[in-house]
Amino acid sequence: MVSIIEQLINGLRSGSIYALIALGYTMVYGIAKMINFAHGDIIMVGAYTLYVTTAGLNMPVIPAVLLTIVVCAVLGITIEKVAYKPLRKAPALAVLITAIGMSFLLQSIALLIFNANPITFQSIIKIKSVNIGGVTISGVTIVTLVVTLICMVALTLFITKTKAGSAMRAVSEDRAAAELMGVNVNKTISMTFAIGSALAAVAGIMFVCQYQSIKPTLGALPGIKAFVAAVLGGIGSVPGAMIGGMLLGIIESVSKAYISTELADAIVFGVLVLVLLVKPSGLLGKNRIEKV
């Protein structure tokens, strides 16, 4: 029983990271109606930024974390302005190819600057492990779960209680109607990219503190799994992204512990296929009827 509880906690830790990344995917899709496949690589940029600020510039932890979040938010806005805004009316395939190209561009730039050798990173989280009833919970796990909970509550309140959040919901529902009602669509989309990229930065910080290694392809697999989590929960649904991320992390952790480490990823994607066969819109997604 202790082992099962520990695996569930480990799954929630990984799932929290996937959920933070998935929120970026689902917010961008819900508002801009596109999949930003470069989103996973913003995690990598956040990890390298944290490394440079702490190990290279010897900045204190809190300013380094804040600077990392700002850098990733600005990067998200820049990517949207340079790569995606000119393609607002382009075919979906053109946007998809551009997103994939932007992903490889970020990886290539990191490869040129830092080379392909993984960099060992000393975790900035120094909290000791806690033992509760024989169950050991690491300090990284505690911080990850707390930070994720705070981010999710803050994002939910922002979307539901603020004027900017109302604008985001309006653009998501009907971009043309929102613009006619005076909503600045360009500003709203940029804000969405900034928030999503800031959450990716937080996920990157938690991820690198957990695995303590950085490389240019660091964000590729977590990014794909977070996309799976967003689809699993219902792409475009913020609560769905949260639930999908947590569920994905638990399935992955339990699969690695009790079935096979090699088959864990296959099981995760297999669960996605099964869910989509039963409910194509995802767990919390809604089927939309489009007039043609």
Side-chain angles (χ1 to χ4, degrees), residues 10-11 13-22 24 36-61 63-72 75-76 79 99-127 129 138-141 143-144 147-148 197-229 245 248-249 252-253 255-257 260-266 268-269:
N10 290 337
R13 179 188 61 196
S14 299
S16 297
I17 296 173
Y18 295 148
L20 288 173
I21 309 168
N36 178 21
F37 277 114
H39 188 68
D41 295 285
I42 295 177
I43 308 167
M44 174 268 296
V45 173
Y48 274 116
T49 303
L50 184 67
Y51 168 75
V52 170
T53 52
T54 54
L57 302 178
N58 294 317
M59 290 180 62
V61 171
V65 168
L66 293 177
L67 181 59
T68 298
I69 294 172
V70 170
V71 167
C72 289
L75 176 62
I79 291 174
I100 295 173
M102 183 57 66
S103 172
F104 283 116
L105 175 63
L106 293 175
Q107 289 183 26
S108 299
I109 292 174
L111 185 63
L112 288 172
I113 296 174
F114 298 101
N115 70 54
N117 296 325
I119 298 174
T120 301
F121 180 82
Q122 187 68 32
S123 175
I124 60 173
I125 299 174
K126 306 298 183 182
I127 298 176
S129 299
S138 68
V140 174
T141 299
V143 173
T144 300
V147 168
T148 301
S197 298
L199 291 172
V202 175
I205 293 169
M206 297 296 104
F207 186 87
V208 77
C209 286
Q210 179 178 335
Y211 293 101
Q212 300 186 16
S213 179
I214 310 173
K215 57 183 179 180
T217 57
L218 174 147
L221 188 57
I224 293 174
K225 289 182 179 179
F227 175 67
V228 170
L248 191 76
E252 182 183 47
S253 178
S255 299
K256 286 181 177 179
S260 170
T261 303
E262 290 78 12
L263 292 176
D265 290 343
V268 165
F269 293 115

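The two residues Thr141 and Ser138 come nearest to each other via the heavy atoms OG1-OG, 2.8 Å. In terms of heavy-atom proximity, Arg13 sits nearest to Thr144 at O-CG2, 3.7 Å. The two residues Thr120 and Tyr51 make their nearest non-hydrogen contact at O-CE1, 4.5 Å. The nearest pair of heavy atoms linking Ala38 to Leu106 is O-CD1, 4.1 Å. The shortest heavy-atom contact between Leu199 and Leu20 is CB-O, 3.7 Å. In plain terms, the two heavy atoms of Leu218 and Ala47 that are nearest each other are CD1-CB, 4.3 Å.
The distance from atom CD of Gln212 to atom CD1 of Ile125, rounded to the nearest 0.5 Å, is 9.5 Å. Atoms CD1 and CE, on Ile42 and Met102 in that order, are 9.5 Å from each other to the nearest 0.5 Å. Going from atom CD1 of Ile100 over to atom CG of Leu105 covers 13.5 Å, rounded to the nearest 0.5 Å. If you take CG on Asp41 and OG on Ser103, they are separated by 3.5 Å, rounding to the nearest 0.5 Å. Rounded to the nearest 0.5 angstrom, Ile69 CD1 and Ile205 CD1 are separated by 5.0 Å. The CD1 atom of Ile224 sits 11.0 Å away from the OH atom of Tyr18 when rounded to the nearest 0.5 Å.
Side-chain contact between Glu252 and Ser14 is present, with at least one heavy-atom pair separated by less than 4.5 Å. Side-chain contact between Met59 and Thr54: absent, with no pair of heavy atoms (C-beta onward) separated by less than 4.5 Å. The shortest distance between side-chain heavy atoms of Gln210 and Ile17 falls below 4.5 Å. A 4.5 Å side-chain heavy-atom check between Val208 and Ile43 finds every atom pair outside the cut-off. The shortest distance between side-chain heavy atoms of Ile119 and Ser213 does not fall below 4.5 Å. When side chains are defined from C-beta on, Val140 counts as touching Ser123, because their heavy atoms get closer than 4.5 Å. The shortest distance between side-chain heavy atoms of Ile124 and Val65 falls below 4.5 Å.
Every residue meeting the ring-ring contact (aromatic ring centres under 6.0 Å, His included) condition with Tyr211, not counting sequence neighbours, appears here in chain and number order: Phe207. Contacts of Ala110 classified as side-chain contact (heavy atoms from CB on, under 4.5 Å), with partners at least two apart in sequence or in another chain: Met44, Tyr48, Pro216. In terms of the ring-ring contact (aromatic ring centres under 6.0 Å, His included) criterion, residue partners of Phe227 (sequence neighbours excluded) are, by chain and number, Tyr25, Phe37.
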Check your understanding: Hey, mind stepping through Phe114 and Val52 against side chain to side chain contact (heavy atoms under 4.5 Å, CB included) and telling me if it holds?
Key -> CA-CA 11 Å; Phe114 298 101; Val52 170; 4.0 Å; yes
Practice item. Show your reasoning for whether side-chain hydrogen bond (donor to acceptor under 3.5 Å, both in side chains) applies to Asn10 and Ser253. Key: CA-CA 7 Å; Asn10 290 337; Ser253 178; 4.9 Å; no
Exercise for review: Under the side chain to side chain contact (heavy atoms under 4.5 Å, CB included) rule, what do Leu221 and Asp265 come out as? Steps first, then yes or no, please.
Suggested key: CA-CA 10 Å; Leu221 188 57; Asp265 290 343; 4.3 Å; yes
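The neighbour count for Phe269 CZ, taken as heavy atoms of other residues, nucleotides or ligands under 6.0 Å away, is above 12.
Of the possible donor and acceptor atoms, one in the side chain of His39 sits under 3.5 Å from a partner among the backbone N and O of Ile21.
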